[in-house]
Amino acid sequence: MNPEQEEMKVTEEDMQATAAHDEHSNEADTDASASDACSGTQAADESNPLHTELEQAKEQADEHYQRYLRTQADFDNFRRRTMKEKEDLAKYASAKVITELLPVLDNFERALSTGQEASETESFVKGVDMIFRQIQQVMEQEGVQPMNAVGEPFNPEYHQAIMQVESDEYEEGFVVEEVQKGYMLKDKVLRPAMVKVSG
């Protein structure tokens, strides 16, 4: 190989190396440009007014949804409470009338106890007894039942103590005498029994 051919070979190798270097540099520049473009797009999205409005709309939608859930829960509680009040109203609607009838029952009982001591009033006692039983039947149909207080432990929910007395028959804190009957309307105390309690 003569000197002229060697010079041409070296020049060709230099050109190939330069081309490879330029190609690598172009690829690096392309990657850097793509990365810069992506970062720029992300930054542009975050600073975009539409992006901000979208985030605000999402927050408002979430707030409205939470408010809806709270409102729904309040409505369910109100509905249950209203249903319970209606049930109680229907269950105890006759309480006022029955309470007003209780003194009538008391008077009948007093008349019967007095009439039984005099035989000449037998027909009167029978008539009063019939009326008394009629009223009792009406009361029972409405769910009214008299309490059995004597011999029971004193309970302020059911008994109204008017006196404390000594008793050999009952321990302390028991009802020994019923002065006025107490009545229940279904499962509710209509009137507590007026009682004497052992002390």
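M163 and F174 fall within a single hydrophobic cluster, where Ile, Leu, Val, Met, Phe, Trp and Tyr side chains are chained together by heavy-atom contacts under 4.5 Å. Note: the hydrophobic cluster containing V175 does not contain V179 (ILVMFWY, side chain heavy atoms under 4.5 Å, direct or indirect links). In the hydrophobic clustering of ILVMFWY residues, with side-chain heavy atoms under 4.5 Å counting as a link, L105 and V138 come out apart. At a threshold of 4.5 Å between side-chain heavy atoms, the hydrophobic network of Ile, Leu, Val, Met, Phe, Trp and Tyr places V197 and M194 in two separate groups. Under the 4.5 Å side-chain contact rule for hydrophobic residues, V165 and I162 share a cluster.
A distance of 9.0 Å separates CG of L185 from CE of M139, quoted to the nearest 0.5 Å. To the nearest 0.5 Å, atoms CE (M184) and CG (D187) are separated by 6.5 Å. Here the straight-line distance linking atom CZ of F154 with atom OH of Y170 works out to 16.0 Å at 0.5 Å rounding. Atom CD of E85 sits about 8.0 Å away from atom CZ of F78, to the nearest 0.5 Å. We find the CD-CD distance between E166 and E172 to be 8.5 Å, quoted to the nearest 0.5 Å. Going from atom CD of Q60 over to atom CD of E53 covers 10.5 Å, rounded to the nearest 0.5 Å.
Atom CZ of F132 sits in a crowded spot, with more than 12 heavy atoms from other residues, nucleotides or ligands closer than 6.0 Å. In this structure, Q72 places its CD atom where more than 12 heavy-atom neighbours from other residues, nucleotides or ligands lie under 6.0 Å away. The environment of CG in D106 is crowded: more than 12 heavy-atom neighbours from other residues, nucleotides or ligands sit within 6.0 Å.
The backbone N or O of K181 sits less than 3.5 Å from a side-chain atom of R191, completing a donor-acceptor pair. A distance-only check finds a donor-acceptor pair linking the side chain of S198 to the backbone of E171 [under 3.5 Å].
Within the 4.5 Å cutoff, the side chain of Y158 has heavy atoms near those of the M147 side chain. Looking at K58 and L54, their side chains come closer than 4.5 Å, going by heavy atoms from C-beta outward. A heavy-atom distance below 4.5 Å is found between the side chains of L69 and Q66.
Residues E178 and A149 share a closest heavy-atom pair of OE2-CB, 3.7 Å. Contact record, V150 with V176: CG1-O, 3.9 Å, taken as the closest heavy-atom pair. Contact between T99 and P103 at its shortest, heavy atoms only, is O-CD, 3.4 Å.
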TODO: Evaluate the criterion salt bridge (Lys or Arg N to Asp or Glu O under 4.0 Å) for residue pair D129 and R133; output intermediate values, then yes/no.
DONE: CA-CA 6 Å; D129 185 62; R133 294 186 187 282; 2.8 Å; yes
Open item on the list: I'd like to know whether N77 forms a side chain to side chain contact (heavy atoms under 4.5 Å, CB included) with R80, so could you lay out the CA-CA distance, the side-chain angles of the two residues, the decisive distance to 0.1 Å, and finally the verdict.
Closed with: CA-CA 5 Å; N77 292 334; R80 283 192 293 268; 2.5 Å; yes
TODO: Report the C-alpha distance between E157 and V189 in whole Å, list the side-chain angles of each, state the deciding distance to 0.1 Å, and finish with yes or no for side chain to side chain contact (heavy atoms under 4.5 Å, CB included).
DONE: CA-CA 8 Å; E157 293 184 5; V189 176; 5.5 Å; no
